[in-house]
Number of protein chains: 2
Amino acid sequence: MEYTVHIRMNANLYLRNPDSSELGRKIVRQGILMFADIGFEEATFKKLAERIGTKEASIYRYFESKHRLLIYIVDWYWQWMEYQLVYETHNLTDPKEKLERALHLLLHIDLPETIRTSDSADGIDLKALHGIVVHEASKAYLTHHVTEDNSQHLFKPYKDLCNRLARMIQDVRPQYAFARSLASTLVETAHYQTFFMQHLPSLTNFEPTGGASQLLLFLRHLLFSALHQPAV
Amino acid sequence: MEYTVHIRMNANLYLRNPDSSELGRKIVRQGILMFADIGFEEATFKKLAERIGTKEASIYRYFESKHRLLIYIVDWYWQWMEYQLVYETHNLTDPKEKLERALHLLLHIDLPETIRTSDSADGIDLKALHGIVVHEASKAYLTHHVTEDNSQHLFKPYKDLCNRLARMIQDVRPQYAFARSLASTLVETAHYQTFFMQHLPSLTNFEPTGGASQLLLFLRHLLFSALHQPAV
DNA sequence: GTGCATTTGATAGTTTTACTATCATTATTG
DNA sequence: CAATAATGATAGTAAAACTATCAAATGCAC
């Protein structure tokens, strides 16, 4: 059996669908590598064009700005993550087990019994992409125009993922009053603790490299402590 | 009795000490208002010069870049916050009570028994400054040059605050293994949950306005659940 | 395979940002 | 009062973030 899962993106994110041409797909794939290599601030469409072997103007035909490209990329990631989460949990009955898998996915830690999730999908470098999510994802919404962007549903993939997590939390403990906030806190914490671990390790209790499994212990304890403690 | 607490800043943050002249102080005070008004991305030294009634070049004599000015401003905030925390907790013996005060301070919620903390210090608009911390603070470290900046101790005030919190956590429960990570998580969560509450409320369980006290309940529950739950 | 439409390439240009440099003028201080 | 330092005023550069135009190439329809 062969199949590919294709992620459909919100049309407000682009001027021309990057998925409809080889150039478009290169913009996204190489855009990911560029952001991962030099960071969002240092990245420009000119540099990206040089990487690809095309011209700046051609990229502007697909994306109106570097910021929209960033949102496209992180949205792709959230949608991919939500798919993984659905796939990895749909056969489970214990809601705690579902949350356990969610934590592993968020941290890119393979479960012992699972076959290694592939390193690429649609030609996208998932490791580089994870790095972008850790280092740059919050810049997608931390802008002065967050409200306009939100009204175009640009953050829907992130919200959808958090919502799904929140429902799992609710399933474990229906009377818990902060499922949504706890869900977004878990996602955010997974990422900036990873960032701190790598760059400002004194803000964490983890080793700069390979601390992901320690971070998992922290998140698990945080999550299940909150759910086992009597509700407020 | 009259006294003022003066916050001394790391000299690596500036080219000329903005505290040493009226123009320098205006740059900081009006810089805060500019960032709060139009956001970090839209802000420029030219616009700031126009607000102040000076020239762009004069601002460059104080700060080498907009990014350094941002770090200066958020560092001021963290040092101010740490001072408040020390002041508000030094007479307390119960370490849980100390953490309780810390949460109030982080969220700018006045304790009933405390006299309202003033809205300004050194002529700085603390409300605007809190907004900057919520919206822009993570941009101080989410850069490609975080390591160089860190080696110049630019994030020390943030680390100092988190460390102090971590010690309070450790005092409540010495065997808890993640005091540092829990401390930075509390600080970060206080801020981005505030952001979500205001701009992407479906990611939270709080009302877009006046939800700070609900957020306090969430943080308190998260913190004390983790500390009451048996250690990992 | 020719004709038509769409995509891309190549080039050019604009506005704004993020600086740096220079020199005269105005405060400050010893 | 003289020297020194800070500021104002002006100018200039390099790069970023776009927009515009037109020709060349490519795809696709019949």
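In what follows, every heavy atom counts, from backbone to side chain, and hydrogens, waters and symmetry copies are set aside. Here is how names work: the chains are called A, B, and so on, in the same order as the sequence lines, proteins then strands, and each is numbered from 1. Bear in mind that the values here come from a model prediction, so they are computed numbers and not experimental data.
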Q. Roughly, in whole Å, what's the span from CG in Leu15(B) to C1' in dA18(C)?
A. 14 Å

Q: Report yes if at least one side-chain N or O of Arg16(B) is closer than 4.0 Å to OP1 or OP2 of dA5(D); otherwise report no.
A: no

Q. Once you round it to whole Å, what is the distance between P of dA17(D) and CG of Leu69(A)?
A. 12 Å

Q. To the nearest angstrom, how far is Lys46(B) atom NZ from dT20(C) atom C1'?
A. 15 Å

Q. Between atom CZ in Arg61(A) and atom C1' in dT8(C), what is the gap in whole Å?
A. 6 Å

Q: Would you mind telling me which residue lines up with the more 5' stretch of DNA chain D, Leu23(B) or Thr44(A), judged by nearest nucleotide?
A: Leu23(B)

Q | Integer-rounded Å distance: dC19(C) P and Glu64(B) CD | A | 8 Å

Q) In terms of side-chain heavy atoms, does Gln193(B) have a donor or acceptor partner in Thr204(B) at a distance below 3.5 Å? A) no

Q: Could you list by number each residue of residues 47-58 of chain A showing a heavy-atom separation from DNA chain D of less than 4.0 Å, or answer none if no residue does?
A: Glu56(A), Ala57(A)

(Q) Please report the distance, rounded to the nearest Å, between CZ in Arg68(B) and P in dC19(C). (A) 11 Å

Q) Rounded to whole angstrom units, what separation is found between the NE2 atom of His67(A) and the P atom of dA16(D)? A) 19 Å

Q: Under 4.0 Å between any heavy atoms, over every strand shown, what does Tyr62(B) touch: base, sugar-phosphate, or nothing? Just pick one.
A: sugar-phosphate

(Q) Under 3.5 Å, is there a donor on one side chain and an acceptor on the other for Asn12(B) and Asn10(B)? (A) yes

Q | Ion pair check, Asp37(B) and Arg51(B), cut-off under 4.0 Å | A | yes

Q) Should Ser65(B) be listed as having a side-chain N or O under 4.0 Å from OP1 or OP2 of dA18(C)? A) no

Q: Would you kindly say whether Ser21(A) and Tyr62(A) are connected by a side-chain donor-acceptor distance under 3.5 Å?
A: yes

Q | Expected output: side-chain Thr143(A) to main-chain Lys139(A) donor-acceptor under 3.5 Å | A | no

Q: Specify the separation, in whole Å, of atom CD1 of Ile59(A) and atom C1' of dT8(C).
A: 12 Å

(Q) Do the side chains of Asp149(A) and Arg68(A) get close enough for a salt bridge, i.e. N-O under 4.0 angstrom? (A) yes

Q.
If the threshold is 4.0 Å, N to carboxylate O, is there a salt bridge linking Glu22(B) and Arg25(B)?
A. yes

Q: Looking at every strand, decide which applies to Lys66(A) at a 4.0 Å heavy-atom threshold: base, sugar-phosphate, or nothing.
A: sugar-phosphate

